[in-house]
Amino acid sequence: MPSLPKSNVPEERGEQEQSFKRRSRRLRNWFGIQRTLRLGGLFLIWFVVITFFVDVVAAGNGLTLSKQPRDTLAVPRWLYLATGGATIGASALLASFVTDRAFITYLHTWRRSLRTPETWWHPVTWVGRGVGIVTLVLSVYLGYAGPQLPTASFTILVTFAGIRAALPIVAYSVGNVWPALNPWRAIAAVLPSGFLEYPNTLQRWPAVGAILTLVWVEVIFPVSTVPTVLATAILLYSTITIAGAILFGPASWFENADPLSVMFRLYGAVSPLQRQNGVLQVKLPGSELRNADVVTDVSDVAFIIALIWELTYSGFITTTAGATTIKTLVGITSLGIVNMDTRAILVYTLLFICGYAVFLGAYWYASRVSRRSTGTYITARTIAFQFAAPLLAIAAGYHFAHYVGLFASLSPALVMALISPLSPPANPLILSPPSWFEGVGIASVLIGHLLAIWAAHAAAYNLFSSRLVAIRSQYPFVAVMIGYTVISLWILSLPGAIPPYLS
Amino acid sequence: MSEIQTTVPRNETPEDRCEYCGNPFPTSDRLVLHKGLKHLQQLDDEEEEAFLAARSEEADELRTLRLKALGALVLLYFGFLMLYAIFA
């Protein structure tokens, strides 16, 4: 009947409408079948998930609470790692029990709009950016003229305890505040700009290159210990950023090429506070990760993997195992270079690039396997895009695990530096985090992965019409996530060391 | 929302294409499920019946999958119980 050509007879139209209403009612009933029963079942499942998870975390805390060195754990390290991996696997199995599309959509579209006057945005942004500019100028000036003790230096405290540790934590746990602070954007906004069109084919690749370069500079140069070096790096970064923003226009530059803006935007996708079409909304944490808008290009995938890899890498080289690996590699590879330090820099760089390639390759391979094993006609590229955003929850978990201790110990010094930047204390207060902080690290790695598992489950349901295919498509990604978890839990369990050759 | 891109491998011929959006599907079940989820408003009675039938068939398979997942969880649980009993 509905396939008949359009008719202008009112009776027929009425009949059509009625039949349509009847049908949609039937389908609505069908979707709502045993809703309460399902919700009850879901409660039970999540109860089990949480109990299982809390058990594992408690075990994790038990492992690390002891005052003895971690090498003499009561539980062998492989068992601790296997338990971490199994937690992820088990939660993926449990997530596969949730097959109610309506419920998944409900969780991921739940939102409460906050009433914020639109007129506030402008003043708030400009005050924030003003603070940003003052901080930038002070950072450069005090880097050269201020105290050279790292823990008393305004430049180092703001850069590492502030932008490297605290702001990403704010971005993924509350909301992305970077656009309201970005001093370079504020400077570029008042200058004439937009002389060239940003090449669309480049997408976010400049940002990928830039974030990898920033991390490389952080490892190789003493930016975190010598304020003058850091101030020079900030000057260089500012020059490139402002030049780029003037050339291509601030909007496209900070959207695509600026590593900090892209990083904060992506971390912000995990947070519960989102701003859409000028309206501030509260959502469930991580519910935005199902959204196909977050990742739209291969370069976005490359950026997200870069975030995971840089945290893994900088964690690894500051452990005894990392130091031994570097020393061994420098010892056995001569590369025709006599100078040990140059050789070490080469080894650090190669390890950084190769490891990144392995991480990216593993992820891309997973998307190909996912496509092949499910026999779908959806391209591996599209699958890779859909499953990349959930990895941001993993990156957030790693970041928290690696930086919350640093932030906690430097926070009094940071507060002092921000209150009185021009009269730094001679002996800044540095806290030493209690031993249970290591448990916080393990817990945040696991929470990040659990959130990622759930987001991947929801993303699969978004992509595939068949629920069976949606479940099966996740297996390769779950394997990759287990791999990432085991590696990062291993790094967290190793004793710390100073990276060799880089004094 | 970015587009979902599809390609058909060279040595395969798609079972059918969705008449509303043109996406190819390897099996007719998946096509029926796709139409029911994405083009619900446009379906006629027959297609709707097919969709409901495919849904309930899928639900049966999901039940089997859940049982398997439960089995895997039980194995995992007891496996780790044993490991902890021996090594910890």
Side-chain angles (χ1 to χ4, degrees), chain A residues 1-3 19-20 22-24 26-27 30-31 48 52 56 59 63 73-76 78-80 82-83 86-87 89-90 92-97 99 101 291-297 371-372 374-383 385-386 461-469 471-472, chain B residues 1-9 12 14-15 17-18 23-27 29-38 40-48 51-52 54-66 68-77 79-80 83-84 86-88:
Chain A
M1 183 71 102
S3 59
S19 124
F20 178 70
R22 207 173 48 238
R23 246 170 41 210
S24 49
R26 232 168 80 200
L27 282 164
W30 189 88
F31 274 114
V48 175
F52 187 83
V56 173
L63 293 183
L73 292 175
V75 176
W78 65 265
L79 191 54
Y80 148 75
T83 310
T87 311
L93 285 174
L94 282 167
S96 74
F97 279 67
T99 53
R101 264 178 204 283
N291 206 329
D293 292 340
V294 180
V295 175
T296 51
D297 188 67
R371 181 196 146 108
R372 219 177 314 138
T374 52
T376 177
Y377 290 155
I378 295 173
T379 56
R381 216 173 116 94
T382 307
I383 296 177
F385 289 1
Q386 270 289 346
Y461 269 63
N462 218 10
L463 194 60
F464 297 104
S465 301
S466 160
R467 291 178 289 176
L468 279 170
V469 175
I471 291 170
R472 273 192 280 139
Chain B
M1 177 119 185
S2 65
E3 276 296 300
I4 290 177
Q5 296 168 344
T6 50
T7 53
V8 180
E12 282 181 41
E15 181 71 26
R17 277 176 188 277
C18 173
N23 278 342
F25 286 88
T27 61
D29 296 7
R30 291 193 200 176
L31 172 65
V32 170
L33 287 171
H34 160 82
K35 282 202 279 193
L37 280 170
K38 304 278 151 117
L40 195 75
Q41 313 284 331
Q42 290 141 292
L43 299 191
D44 58 32
D45 282 347
E46 206 173 299
E47 284 176 313
E48 199 189 299
F51 169 58
L52 291 180
R55 278 292 294 219
S56 73
E57 199 176 306
E58 189 195 40
D60 288 344
E61 287 178 64
L62 277 173
R63 204 163 297 137
T64 323
L65 193 87
R66 277 200 205 121
K68 282 184 192 162
L70 192 65
L73 275 174
V74 170
L75 272 181
L76 205 65
Y77 179 80
F80 270 87
L83 283 177
Y84 272 90
I86 297 166
F87 293 101

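The model shown is predicted, which means the values in this text are computed figures rather than measured ones.
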* Asked: Which atoms of B:Leu65 come close to chain A, meaning under 4.5 Å heavy atom to heavy atom: side chain ones, backbone ones, both, or neither?
  -> side chain

* **Steps toward side chain to side chain donor-acceptor pair (under 3.5 Å) verdict (B:Thr7, A:Arg381)** => CA-CA 11 Å; B:Thr7 53; A:Arg381 216 173 116 94; over 6 Å; no

* B:Lys38 portion near chain A, given a 4.5 angstrom heavy-atom threshold -> side chain

* Looking at B:Leu62, B:Asp29, B:Val8, which one has more heavy-atom pairs under 4.5 Å with chain A than the rest? -> B:Leu62

* Residues two or more places apart in sequence or in another chain: which of them pass side chain to side chain contact (heavy atoms under 4.5 Å, CB included) with A:Ser465? -> B:Leu33, B:His34, B:Leu37

* To do: Side chain from CB out, backbone as N, CA, C, O: work out which of these in B:Leu31 comes under 4.5 Å of a heavy atom of chain A, or both, or neither.
  => neither

* To do: Give the C-alpha distance, both sets of side-chain angles, the deciding distance and a yes or no for side chain to side chain donor-acceptor pair (under 3.5 Å) between A:Thr376 and B:Arg30.
  => CA-CA 9 Å; A:Thr376 177; B:Arg30 291 193 200 176; 4.6 Å; no

* Segment of B:Phe87 engaging chain A (4.5 angstrom heavy-atom cut-off) -> both

* Examine the side chains of B:Tyr84 and A:Thr83 and answer whether a donor and an acceptor come within less than 3.5 Å of each other. => yes

* Please look at A:Val294 and chain B and tell me whether the side chain, the backbone, both or neither of the residue comes under 4.5 angstrom of a heavy atom of that chain. => neither

* **Under 4.5 Å from a heavy atom of chain B, the part of A:Ala82 involved** => both

* Tell me, for A:Ile471 versus chain B, whether the close heavy atoms (under 4.5 Å) come from the side chain, the backbone, both or neither. => side chain

* To do: State whether the side chain of A:Arg467 and the backbone N or O of A:Tyr461 hold a donor-acceptor pair below 3.5 Å, judged by distance alone.
  => no

* Quick one: side chain to side chain contact (heavy atoms under 4.5 Å, CB included) partners of B:Thr6, sequence neighbours excluded? -> A:Tyr377, A:Ile378, B:Asn23, B:Pro24

